[in-house]
Structure formats: structure tokens, C-alpha cells
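Atoms within a ligand are numbered from 1 in the order they appear, just like the ligands themselves.
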Amino acid sequence: MTRVLEDKVVVITGAAGAIGTATAKLMAERGATIFGVDIAGADWSRLKAALPEGAKLVTTEADVTDEASVKAYVDKAKAELGRIDVFFNNAGIEGPVQPIESYPLDGFLKVLSVNVAGVFLGLKYVLPVMYAQGSGSVINTSSVAGLIGSPGMAGYNTSKHAVIGITRVAAVEAASKGVRVNSVNPGPIESRMMQSINSGQATDAKAAHDATSGAVPAKRYGTPEEVAGLVAFLASDEAGYCNGGFYTVDGALSAT
Ligand SMILES: NC(=O)c1ccc[n+]([C@@H]2O[C@H](COP(=O)([O-])OP(=O)(O)OC[C@H]3O[C@@H](n4cnc5c(N)ncnc54)[C@H](O)[C@@H]3O)[C@@H](O)[C@H]2O)c1
């Protein structure tokens with residue numbers, strides 16, 4: 001395994017989740033120090049078990065929607081690890097699964113708060129650290145839901161389209177300062193989140209899973225590890241001219 005992220009400090013939000021954990025594991029294997037952020041009470045055991053022996057990990061509990069908490073985790077990462085080379089701005093929630101006519105406003109606003117305001121606040125406090133360094137790579141987690149419509153997913157799809165928008169704004173602001181900002185756009189991934197969405201789509205979650213698989217040209221869900229591979233590439237200096245883009249990892253779903 002090439003250690004292309006040797007000595008890089010990587011901040012990951014939603015680090016205790018499926019995609020956060022797989023990405024932390026891969027980046028640690030490539031030499032990175034991981035600063036994991038997740039909500040109070042998150043179960044860190046899966047992340048701790050996944051990391052290779054000797055990997056450097058700091059964990060912090062913070063709500064990405066709370067500005068003071070975001071400032072505090074960024075200050076802590078800077079104070080304890082000295083710099084932030086990579087920011088995987090990844091925490092997100094799926095929200096309700098309901099047609100628009102019955103979709104609750106509070107659920108809609110909650111999804112926008114975590115998936116959009118959370119991403120915005122992370123950028124607001126991490127970018128100045130990277131500007132001062134003159135380098136850095138940010139990867140925001142959007143989704144194939146940021147590119148297409150999915151029935152029942154008004155809050156989620158709206159939020160993930162917005163993540164592409166703020167990624168573009170951040171990239172054009174940051175590019176002249178040596179900082180890259182891109183998004184990753186995963187399709188359905190075998191995970192708790194897709195199980196929750198499938199359960200909301202039909203009383204038979206397995207039937208919903210199979211229908212979704214069938215709609216993907218690759219005829220399967222992806223894995224968190226397949227998302228991690230793309231994120232780790234965008235994080236690395238090998239992606240030096242990748243800026244302001246969105247990158248799908250979706251078995252060709254968004255190409256249909
Ligand atoms: N699973 C999929 O199929 C899929 C597909 C496309 C995009 N995504 C996106 O990938 C990202 C990660 O998803 P996942 O599948 O790993 O889901 P997950 O639920 O396993 O992980 C999400 C993590 O975010 C954390 N989180 C939620 N709200 C938070 C808050 N306010 N503050 C701090 N942390 C918070 C959760 O505690 C959780 O650990 C999300 O942005 C999701 O929308 C997932």
C-alpha cells in the first residue's frame with residue numbers, strides 16, 4: 001500500500017459512520033493522522049477496530065450544525081495536530097422518506113441544517129486554516145441524490161444538490177490560495193443509511209433494496225470502501241488539478 005498520505009492531518013466529520021470509518025481506515029493505511037468528529041454519544045468502536053495498528057487517531061464529539069462546536073473542533077485539531085491537510089466534510093442524515101405533500105417541514109429543515117449548514121460551517125472554519133498554510137484538500141460528501149431526483153427524498157436530494165453548489169463556490173474562492181474543494185457523489189452504498197431509506201420506501205425493505213439494485217447499471221450497491229478509494233485519491237497530491245468538481249461513485253446510476 002502506497003503511503004501517499006504520510007504525515008497528512010485529516011479531519012473527518014461523520015467519522016463513526018460507514019463511509020467515514022472506511023475512509024479513515026484507508027487514509028490511515030496510507031499514512032494519515034485521523035481527527036474524527038461525530039455527534040455526542042457516537043459509537044467509536046467500529047472506527048477504532050478498523051484502523052491499522054499504530055495509526056494516530058484523535059476523536060472529538062461535536063454537532064456540525066452548531067457554530068461554536070464547529071469552531072471548537074477546528075481549533076482543537078489545529079492545537080493538537082498543528083495543521084489540517086485534508087477535510088472530509090462528510091456528516092449527513094437521510095431524513096424522512098415521504099412524498100412532498102406529506103413531507104414534514106421540521107424534517108426538511110433538519111436535513112438542510114445537517115447536510116447543508118453543517119457543510120457550510122465546516123468550510124467556514126477549516127478554509128482559513130488551509131489558506132494560512134497555502135495548501136489543503138476538502139472533499140464534501142454529496143450523493144447521486146445531488147444529481148437526480150429520488151421519490152420521497154425531498155429534503156435529502158435538495159440538500160445534496162446544495163452541497164454541489166457550495167462546493168463550486170468554495171472552489172472558486174479557494175483555488176488561488178492553493179486549496180482544492182471537490183465533492184464525492186456516491187450511489188446507494190451497503191450501509192445503515194440505505195437500510196433506513198429502503199425501509200421508508202416500502203414495507204418490504206428487501207424488495208426496495210432489490211429494486212434499487214436493479215436500477216443501477218452495475219446491478220449492485222457500492223461499498224463504503226469503494227467511496228473511500230475515491231475520497232483518498234481526491235485528498236492526495238495526485239489530484240492536484242482536480243478542483244471544483246463532483247465525482248460519482250455510483251455504478252453508472254447517474255449516467256442512465
Ligand atoms: N450510505 C449511502 O448509501 C450514501 C450514499 C450517498 C451519500 N451518502 C452520504 O455519505 C455521508 C456518510 O453517510 P454514511 O452512509 O456513512 O451514514 P452513517 O449514518 O453511517 O454516517 C453518518 C455519520 O454522521 C454523523 N452525524 C449525523 N448528524 C451529525 C451532526 N449533526 N453532527 C455530527 N455528526 C453527525 C452520524 O452520527 C453518523 O456517524 C452522508 O453525508 C450521506 O448523506 C451516503
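By the 4.0 Å heavy-atom criterion, S142 is counted among the residues contacting ligand 1. Heavy atoms of G187 approach ligand 1 to within less than 4.0 angstrom. In this structure, I93 is part of the shell of residues with a heavy atom less than 4.0 angstrom from ligand 1. Ligand 1 lies within reach of A62, whose nearest heavy atom is under 4.0 Å from it. At least one heavy atom of K160 sits under 4.0 Å from some atom of ligand 1.
Atom NZ of K110 is surrounded by 12 or fewer heavy atoms from other residues, nucleotides or ligands within 6.0 Å. For CD of E53, the number of neighbouring non-hydrogen atoms (other residues, nucleotides, ligands) closer than 6.0 Å is 12 at most. More than 12 heavy atoms of other shown residues, nucleotides or ligands fall within 6.0 angstrom of atom CG in L109.
K219 and S213 share no side-chain donor-acceptor pair at under 3.5 Å. For the residue pair S142/N185, the side-chain donor-acceptor check at 3.5 Å is satisfied.
Between the S183 side chain and the V163 main chain, no donor and acceptor come within less than 3.5 Å of each other. Side chain of H161 to main chain of N157: a donor-acceptor pair is present (N/O by atom type, distance under 3.5 Å, no hydrogens or angles). Between the T158 side chain and the A154 main chain, a donor and an acceptor come within less than 3.5 Å of each other.
At the shortest separation from atom 30 (C) of ligand 1 among protein heavy atoms lies I39 CD1, 3.4 Å. Of all protein heavy atoms, the one closest to atom 21 (O) of ligand 1 is G17 CA, 3.4 Å. Atom 35 (C) of ligand 1 has its closest protein heavy atom at A91 CB, 3.8 Å. For atom 36 (C) of ligand 1, the nearest non-hydrogen atom of the protein is D38 OD1, 3.3 Å. Shortest contact from atom 32 (N) of ligand 1 to any protein heavy atom: V64 N, 3.0 Å. The protein non-hydrogen atom at the shortest distance from atom 1 (N) of ligand 1 is S191 OG, 2.9 Å.
Shown in contact with P186 at under 4.0 Å from a heavy atom are these atoms of ligand 1, numbered in order with element: 5 (C), 6 (C), 7 (C). Listed by atom number, the atoms of ligand 1 under 4.0 Å from G92 heavy atoms are 22 (C), 24 (O), 27 (C), 40 (C), 41 (O). Of all atoms in ligand 1, numbered sequentially from 1 with element shown, those under 4.0 Å from a heavy atom of M193 are 1 (N), 13 (O), 15 (O), 17 (O), 42 (C), 43 (O), 44 (C). Close contacts of ligand 1 with Y156, meaning ligand atoms under 4.0 Å from a residue heavy atom, involve 6 (C), 7 (C), 8 (N), 9 (C), 42 (C), 43 (O), 44 (C). Set against the non-hydrogen atoms of I19, the atoms of ligand 1 under 4.0 Å away are 10 (O), 15 (O), 16 (O), 44 (C). Every atom of ligand 1 is numbered from 1 in the order shown, and the set under 4.0 Å from a heavy atom of G14 is 23 (C), 24 (O), 25 (C). If you number the atoms of ligand 1 from 1 as listed, the ones under 4.0 Å from a heavy atom of A18 come out as 16 (O), 20 (O).
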In a table with atom names and distances, give each donor-acceptor pair under 3.5 Å that connects a side chain of residues 84-95 to protein atoms at least two apart or in another chain.
{"unit_1": "D85", "atom_1": "OD1", "unit_2": "R83", "atom_2": "NE", "d": "2.8"}
{"unit_1": "D85", "atom_1": "OD1", "unit_2": "R83", "atom_2": "NH2", "d": "2.8"}
{"unit_1": "D85", "atom_1": "OD2", "unit_2": "V9", "atom_2": "N", "d": "2.8"}
{"unit_1": "D85", "atom_1": "OD2", "unit_2": "R83", "atom_2": "NE", "d": "3.3"}
{"unit_1": "N89", "atom_1": "ND2", "unit_2": "V119", "atom_2": "O", "d": "3.0"}
{"unit_1": "N89", "atom_1": "ND2", "unit_2": "N140", "atom_2": "OD1", "d": "3.0"}
{"unit_1": "N90", "atom_1": "OD1", "unit_2": "T141", "atom_2": "OG1", "d": "2.7"}
{"unit_1": "N90", "atom_1": "ND2", "unit_2": "T13", "atom_2": "O", "d": "3.1"}
{"unit_1": "E94", "atom_1": "OE1", "unit_2": "R192", "atom_2": "NH2", "d": "3.1"}
{"unit_1": "E94", "atom_1": "OE2", "unit_2": "R192", "atom_2": "NH1", "d": "3.0"}
{"unit_1": "E94", "atom_1": "OE2", "unit_2": "S196", "atom_2": "OG", "d": "2.7"}

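Between E173 and R168 there is no salt bridge, since no side-chain nitrogen of the basic residue lies less than 4.0 Å from a carboxylate oxygen of the acidic one. Salt bridge annotation for K124-E67: present, with a cationic side-chain nitrogen under 4.0 angstrom from a carboxylate oxygen. For the pair D237 and R180, the salt-bridge criterion is not met [side-chain N within less than 4.0 Å of a carboxylate O].
Between N115 and ligand 1, a contact under 3.5 Å exists for no N or O pair. Ligand 1 has no nitrogen or oxygen under 3.5 angstrom from a nitrogen or oxygen of G20. Distances between N or O atoms of T141 and those of ligand 1 include no value under 3.5 Å. Considering both main-chain and side-chain atoms, N90 comes within under 3.5 Å of ligand 1 through a nitrogen or oxygen pair. Checking only distances, R192 does come within under 3.5 Å of ligand 1, N or O to N or O. At least one N/O-N/O distance between D63 and ligand 1 falls below 3.5 Å.
Taking both residues in full, the closest heavy atoms of R3 and A28 are given as NH1-O, 4.3 Å, listed atom of the first, atom of the second, then distance.
Interatomic distance, M153 CE to Y103 OH, rounded to the nearest 0.5 Å: 6.5 Å. Interatomic distance, CZ of F233 versus OH of Y247, reported as 7.5 Å (0.5 Å rounding). Once rounded to the nearest 0.5 Å, the distance linking CZ of F108 with CD1 of I100 reads 8.0 Å.
Under 4.0 angstrom from ligand 1, the non-hydrogen atoms of V114 all belong to its side chain. Residue A42 does not touch ligand 1, judged by heavy-atom distances below 4.0 Å. Here Y221 has no heavy atoms under 4.0 Å from ligand 1, in either its backbone or its side chain.
Counting only non-hydrogen atoms, the option in T23, I189, V111 that gets closest to atom 3 (O) of ligand 1 is I189.
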